[in-house]
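One structure below.
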Amino acid sequence: MTTLRRNKAARIATASLLASALFMPGMATAKDPYPGYTYSSLDRPLAAPNAYTPERMLDGAALGTGSLRNPNDLFVRDNRIYLLDSGNNRILMLSEQYRLLTEIKTFRNGDKDDGFNNPQGLFVTEDNHIYVADTDNKRVVHLDGAGRFLQEIHSPKSEILPANFQFAPAKVGVDRAQRVYTVGRGVVEGLIEFDSDGQFSTFMGAPKVRFDPIDLVWKRLSTKAQRDKMVQFVPTEFNNVDMDDSGFLFVTTQTKSSAPIQRLNPTGLNVLRAVDSAPIGDLNHLFGDESMFADIASGLNGSYSALDMTKGRIFTYDEDGRLLYIFGMSGQQVGNFGTPVAIDYMGDKVLVLDRERANITVFKPTLFGAAVNRAVDYQYKGRMDEAKAEWEKTLKLNANYELAYVGIGKSQLRNGDYSAAMRNFKLGSDRDYYSKAFQMERKRLARLYFAPVMSVAVPLLLLLWLGPKAWRRWLKPRLRKEAFHVDRS
Amino acid sequence: MSTVRKQFKFTMFLVFRPFKGFWDMKYESYGSLRTALSIMLLLALVTVCKQQFSGYIVNFNVVDELNTINQLIYVIVPFFLWCIANWSTTTLMDGEGKFGEIVMATGYAMFPVAVLYLAQTLLSNIITQQEAAFYYFLDTLAILWLVWLMYVGMMTVHQYSPGKTAVTMALTLVVCGIILFIGLLFFSLIQQIVGFAQTIYKELVFRT
């Protein structure tokens, strides 16, 4: 029985080894249409096993909905997929098995039939209410779960808005207090916030203006006529919005920005955690191939995935802004993208909507990706020992995975195994935690050895210091005296 | 053995009492060129040790980019560059120092840096990130001490006024830059001449 079990264990080990061999760089192309890589702590690209692999591609024919035209947004709520088929002005509701459940094309608005006109954005609340950014109708439409019309939000009216303000909502997000946040096309003041009655309340999270110091020097030197012809320093424009599980807003910017991904708290402050550096996608952003994010999806446990339009890549970060893995690529094969525009999670699967190809690509986690996801999950919940076991699995598949070493180290630190933790933090290049582990280890060693070392060293030093003096002053004369005394008798 | 001890005592005296120390070095022939060069080599060695053995918390070296030969060169080349540049400058500016004296003064001035770097390396292995400030403080201290000793050394060796010493030292840095520039120019010219000669040779070989 035991041999059998051992055999089985060995077979599993070989299988996982084989699997890891399959994911090795060079061979990865045979399976996935994109190379797996990640960035080391020195910001160097490193080959890595792929975390996600394309499972299937769904177009209009596969979905049985007729062909899609320029679909622009995708939302998953309670394992139901809401697909915004902008070109056909309809919303498609799909089941977990990718079967069509409902199609919303028209709705009763008052006493007449109403419809969408090139809608760009879609949001579904926890009670399954649907908000649609009905872009060319210049309004946001609020429907209930069955597709019945409830409310529409029109162009905001306020004295802080310019007279020629054009309301073209492109994306929409709704928080738990029914406040509606919209990304307006050409609006640089931030998100347009409406209260639950659809009344404009404020702009929030206005992005800062960023400029090049060199540009500033040129502007200073040039004449007014020259200046007027130059590109103005315009604040970055948000291009997408999503809510995370704890009710914070995730926004992305497409224009050049030092913080292309932001997590806004209710007052509009960016509270995105970035332990090492701000998440910006690809790090070698020379030659203009800087990552530009089209959408962001918050996964479980504070992690989030951002969709990069430049190269068609998906960057997944943990709650601390550490890069977990990268997958996806622009291209022609199954699993590649033309113009990816929207991303969302369905369980641990990732759905990416491609506008150009009018299809959805479903990605499922690989052995490696699933282990990372589970490890992040356990770590988030504070179950460090279970996280450690998962991190060890990821290390078997990718010995270069620094996060895993740090994760194992954290568990060891908690369990008091300081020297092992130090070793792992060093392997994971985490100086902060290394310092913490080192401090504990130093304390432990000091407690262990201070008393014995000092109880030997202090008398020894005293003896060395005072001994010769004492010898010369008291012992030697007395001995001599005694000798003398003896001699006399 | 006794000369080593004498030189050690003298060096210790010099780094704490630089005015008297450098005077003795120049006029009372206490200084030794061999000691100065040994101190320089010691510093080169200690620098390598610092790179290699500093504690992980303050050690930001990328191990696969570390090159011990380069580390040695980063101490030895600037040392001689400084000496040559300083000699060239002070010769034109009525400095009284001979080249040997300049080398000696610079060498002795490096001693505290070597000692402090060694202390730093040891310290860095028992500190945490919160205490790293001490480590960086020692860095600053070493540099300040070096500059101070160099300043006093140059002043004494060349018998300059304090102001003129400062000016000469600044000029020496400029001259260092010029020497490097000319060096680079020279190498690139030599390269081109060699390339030219090679081309002519090839041309001749292929034609005959």
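Quick caveat, the model's predicted, so the values are computed rather than measured. Letters A, B, ... mirror the listed sequences (proteins, then strands); counts begin at 1. Basis for what follows: all heavy atoms, side chains included, without hydrogens, waters or symmetry-related copies.
Within 6.0 Å of the CZ atom in Phe79(B), the count of heavy atoms belonging to other residues, nucleotides or ligands exceeds 12. Crowding of Tyr151(B) atom OH: a count of heavy atoms from other residues, nucleotides or ligands under 6.0 Å exceeding 12. Heavy-atom contacts from other residues, nucleotides or ligands closer than 6.0 Å to OH of Tyr37(A) number more than 12. Applying the 6.0 Å contact sphere to OH of Tyr27(B) captures more than 12 heavy atoms from other residues, nucleotides or ligands. For Phe134(B), the CZ atom sits in a loose shell: 12 or fewer heavy atoms of surrounding residues, nucleotides or ligands are nearer than 6.0 Å. Trp87(B) CH2: 12 or fewer foreign heavy atoms inside a 6.0 Å radius.
Nearest heavy atom pair, residue Asn125(B) against residue Phe438(A), reads O-CZ, 3.3 Å. Across all non-hydrogen atoms, the minimal contact from Val62(B) to Arg44(A) is CG1-NH2, 3.8 Å. Of all heavy-atom pairs spanning Phe425(A) and Tyr56(B), the tightest one is O-OH, 4.2 Å.
Heavy atoms of Arg431(A) lying under 4.5 Å from chain B belong to its backbone as well as its side chain.
Residues Thr128(B) and Met440(A) form no side-chain contact, since every pair of their non-hydrogen atoms from C-beta on lies 4.5 Å or further apart. Between Gln129(B) and Gln439(A) the shortest side-chain heavy-atom distance does not fall below 4.5 Å.
Distance CG/Asp432(A) to CD1/Ile57(B): 9.5 Å, rounded to 0.5 Å.
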